[in-house]
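See below for the structure under consideration.
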Amino acid sequence: IDPAHAKLIDLASSGDIPALTAALEQALARDGLRSFVLDTFAPLTKAVGELWAGGQLQIFEEHILTRHLVRFLDVAISRVGRPPGDPELLLATLPGEQHALGLLMAEALLIHAGKATLNLGTDVPLDQIIAAVERSGVSAVALSFGACYARNSVRDHLGELADRLPQGVGIWIGGEGARRLRRLPPSVARKSLDSV
């Protein structure tokens, strides 16, 4: 683990949220939003997941860190401000996916690029995604899948969503769970954070 990320993890697991916030603020001010997300935030969230999976972080430590990271990035996004105009992209996770960090990272990068977004959050039923797309008129739906999301569920949900969305609306997928998929429906494109 990168020493800077290890320091952030130590601050979170020790419960020193003020020091964690100060360290994140310093990195954000130094790097700007895009570089902060790609070079500090994304590697940090990956390291947290690996530490938790390896039994080096307890569940409560991972929850403390994740909850704080969600709040921190949400505030950072609000400081940038939303681009004017109707949303171009709808962001969500599918039923059963509770992890919000991938969505927030994508939203931060899209907003930084000047794209208006509509973030529905996590665990959104398919019919609600479709209704939101029809009402908002977005051109694409961006979905995030964590590493633990079942591969068969991803494939099934993507197929159903691709069939039910209005014609011309694309689907972007990202996250660890999306990387495992071999074949995608024609309207689905795999995106990484650095391509946003």
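If you're wondering where the values come from, they're calculated on a predicted model, not measured in any experiment.
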Quiz item: side-chain contact (heavy atoms from CB on, under 4.5 Å) between Leu91 and Leu118: does it pass, once the steps are laid out?
Solution: CA-CA 6 Å; Leu91 292 90; Leu118 176 62; over 6 Å; no
Identify each donor-acceptor pair in which a side-chain atom of residues 135-146 lies under 3.5 Å from a protein atom, sequence neighbours left out, and give them as a table.
| unit_1 | atom_1 | unit_2 | atom_2 | d |
| --- | --- | --- | --- | --- |
| Ser136 | OG | Ala132 | O | 2.7 |
| Ser139 | OG | Glu88 | O | 3.2 |

Practice problem: Determine whether Leu28 and Phe41 make a side-chain contact, defined as any pair of heavy atoms from C-beta on separated by less than 4.5 Å. | Solution: no
Quiz prompt | Summary of ring pair (Phe, Tyr, Trp, His ring centres under 6.0 Å) pairs that have at least one residue in residues 72-129, sequence neighbours excluded | solution = Phe36-Phe72
Quiz item: Donor-acceptor pair, Ser35 side chain versus Gly32 backbone, under 3.5 Å?
Solution: no
Practice problem: In sequence, state the C-alpha distance, the side-chain angles, and the governing distance for Ile129 and Leu94, and then conclude on side-chain contact (heavy atoms from CB on, under 4.5 Å). | Solution: CA-CA 9 Å; Ile129 292 173; Leu94 296 182; 3.5 Å; yes
Quiz item: Out of curiosity, Gln58 CD to Ile64 CD1, how far, rounded to the nearest 0.5 Å?
Solution: 9.5 Å
Quiz item: Taking all atoms of both residues into account, what is the closest heavy-atom pair of Ala116 and Gly85, and its distance?
Solution: CB-O, 4.0 Å
Quiz item: Roughly how far, to the nearest 0.5 Å, is the CG atom of Leu103 from the CG atom of Leu110?
Solution: 10.5 Å
Quiz prompt | Partner residues of Thr40 under the side chain to side chain donor-acceptor pair (under 3.5 Å) criterion, sequence neighbours left out | solution = none
Quiz item: Does some side-chain heavy atom of Leu73 sit less than 4.5 Å from a side-chain heavy atom of Val37?
Solution: yes
Quiz item: For Thr122, which residues count as a side chain to side chain contact (heavy atoms under 4.5 Å, CB included) partner, sequence neighbours excluded?
Solution: Thr93, Gln98, Ala100
Quiz item: Rounded to the nearest 0.5 Å, what separation is found between the CZ atom of Arg34 and the CD1 atom of Ile111?
Solution: 13.5 Å
Quiz item: Can you list the steps and then say if Asn119 with Leu104 is a side-chain contact (heavy atoms from CB on, under 4.5 Å)?
Solution: CA-CA 8 Å; Asn119 189 338; Leu104 283 174; 4.2 Å; yes
Practice problem: List the steps and the verdict of side-chain contact (heavy atoms from CB on, under 4.5 Å) for Leu51 and Val48. | Solution: CA-CA 5 Å; Leu51 288 170; Val48 168; 5.7 Å; no
Quiz item: Less than 4.5 Å apart, any side-chain heavy atom of Leu126 and any of His157?
Solution: yes
Quiz item: Name the one of Val124, Thr117, Val169, Leu120 that satisfies side chain to side chain contact (heavy atoms under 4.5 Å, CB included) with Leu90?
Solution: Leu120
Exercise. Flag yes if Met105 and Val80 sit in one hydrophobic cluster, no otherwise; membership is Ile, Leu, Val, Met, Phe, Trp, Tyr, and two members link when side-chain heavy atoms are under 4.5 Å apart.
Key: yes
Exercise. Measure the OG1-CG distance between Thr45 and Leu8 for me, rounded to the nearest 0.5 Å.
Key: 11.5 Å
Quiz item: When rounded to the nearest 0.5 angstrom, what is the spacing between CH2 in Trp52 and CD1 in Ile59?
Solution: 6.5 Å
Quiz item: Of all residues at least two apart in sequence or in a different chain, which pass the side chain to side chain contact (heavy atoms under 4.5 Å, CB included) check with Pro125?
Solution: Asp127, Gln128
Quiz item: Is any side-chain heavy atom of Leu20 closer than 4.5 Å to a side-chain heavy atom of Leu65?
Solution: yes
Exercise. May I have all residue pairs that pass side chain to side chain donor-acceptor pair (under 3.5 Å) and include part of residues 65-82, sequence neighbours excluded?
Key: Thr21-His68, Glu25-Arg79, Glu62-Thr66, Arg82-Glu107
Quiz item: Say you draw a straight line from CD1 of Ile77 to CG of Leu109; how long is it, rounded to the nearest 0.5 Å?
Solution: 8.5 Å
